[in-house]
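The structure appears right after this line, and notes come after that.
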Amino acid sequence: MGRRALGKWDKTLDLSSHLVLWDDLPSIWSQRPMFDVSQPLEVEIGTGKGLFLKNAAIAVPERNFLGIEISRKYARFSAAKLAVNDLKNACVVHADGQRVFCEKIPADALVAVHIYFPDPWWKKRHHKRRIMTESFVGEIARTLKPRGRLHFWTDVAEVFQNALEVLANESALSGPEEVDPQEVEHDLDYRTHFERRMRLSGVEIHRAEFIKK
Ligand SMILES: C[S@@+](CC[C@H](N)C(=O)[O-])C[C@H]1O[C@@H](n2cnc3c(N)ncnc32)[C@H](O)[C@@H]1O
């Protein structure tokens, strides 16, 4: 399923408190100056239109939420949502999530990593571009704190199975803990835009959680 046009947003909004560019990231990620440093940090890779980031930041004000989005227009769109809601505990980095993890995020820094509906890269020759590679899963394990959680959801059964196989080889993560659909499938309670689209089209969603040992 392709992407839909973005809704209208006020392009004159000041995004300086909610959008960070790769070139402006410090050499090692620090919660300062964007966030209250005493709060635990959760990261979402592939923020898309930013529904999860906005709702999570509103629902859990005692945690910080960092979204990483490779597309400039989606990063700006999500940052605008956070700015309109004047959220002090969420921001978006416009960058490649894999680079941010490998080059910027220190070990044992995160209480949760969220990956929802990553690009499936359908063609066989493109499978190597899928996000859940052995090395990237190693980065997730490295950056999570002990007892930190990885949340992974997708509508593509093959992507889910591939990810589970890669995750099974990562000894620092235990799982999968399957997520009971009855706990997450409430009408009007969609975690992301893609979840909304897929559920409204009757597509099955595959969900798993892993915990850092
Ligand atoms: C299929 S969309 C899903 C968006 C959102 N998670 C949702 O469920 O609605 C995948 C998103 O991941 C972003 N993305 C793909 N590769 C990425 C990367 N390496 N780093 C950060 N974002 C990435 C894409 O630009 C796109 O916005």
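Indexing begins at 1, ligand by ligand and atom by atom, following the structure's order. No experiment lies behind these values; they were computed from the predicted model shown.
Checked for salt-bridge contact, R207 and E195 meet the test: a charged N lies under 4.0 Å from a carboxylate O. Salt bridge status for R76 with E69: absent, with no side-chain N to carboxylate O gap under 4.0 Å.
Using a 3.5 Å distance cut-off with no hydrogens or angles, the side chains of R63 and N89 do not pair a donor with an acceptor. Using modelled atom types and a 3.5 Å distance limit, the side chains of H193 and R196 yield no donor-acceptor pair.
Below 3.5 Å of separation, one finds an N or O of Y116 facing an N or O of ligand 1. Checking only distances, I45 never comes within under 3.5 Å of ligand 1, N or O to N or O. At under 3.5 Å, not a single nitrogen or oxygen of I131, backbone or side chain, sits near a nitrogen or oxygen of ligand 1. Not a single N or O atom of Y74, backbone or side chain, sits closer than 3.5 Å to an N or O atom of ligand 1. No N or O atom of F117 sits closer than 3.5 Å to an N or O atom of ligand 1. Inclusion of G46 in the set of residues having an N or O under 3.5 Å from an N or O of ligand 1 is warranted. Ligand 1 has a nitrogen or oxygen under 3.5 angstrom from a nitrogen or oxygen of D96.
In the candidate list V93, V100, I70, D155, I70 is nearest to atom 21 (C) of ligand 1, counting heavy atoms.
Distances below 4.0 Å separate heavy atoms of A95 from the following atoms of ligand 1: 20 (N), 21 (C). The atoms of ligand 1 that sit less than 4.0 Å from any heavy atom of H193 are 9 (O). Here is the list of ligand 1 atoms found below 4.0 Å of a heavy atom in G97: 18 (C), 19 (N), 20 (N), 21 (C). Less than 4.0 angstrom separates some heavy atom of T192 from each of these atoms of ligand 1: 7 (C), 8 (O), 9 (O).
H94 places no side-chain N or O within donor-acceptor distance of the main-chain N or O of L19, the cut-off being under 3.5 Å.
Side chains of Y190 and L200 form a contact here, defined as non-hydrogen atoms less than 4.5 Å apart.
Applying the side chain to side chain donor-acceptor pair (under 3.5 Å) criterion to D10, with sequence neighbours excluded, gives T12. Shown here are the side-chain contact (heavy atoms from CB on, under 4.5 Å) partners of N169, two or more places apart in sequence or in another chain: there are none.
Using 4.0 Å as the threshold, P120 has no heavy atom nearer than that to any atom of ligand 1. Remark: distances from the non-hydrogen atoms of E195 to ligand 1 are all 4.0 Å or more.
The aromatic ring centroids of F101 and F136 lie less than 6.0 Å from each other.
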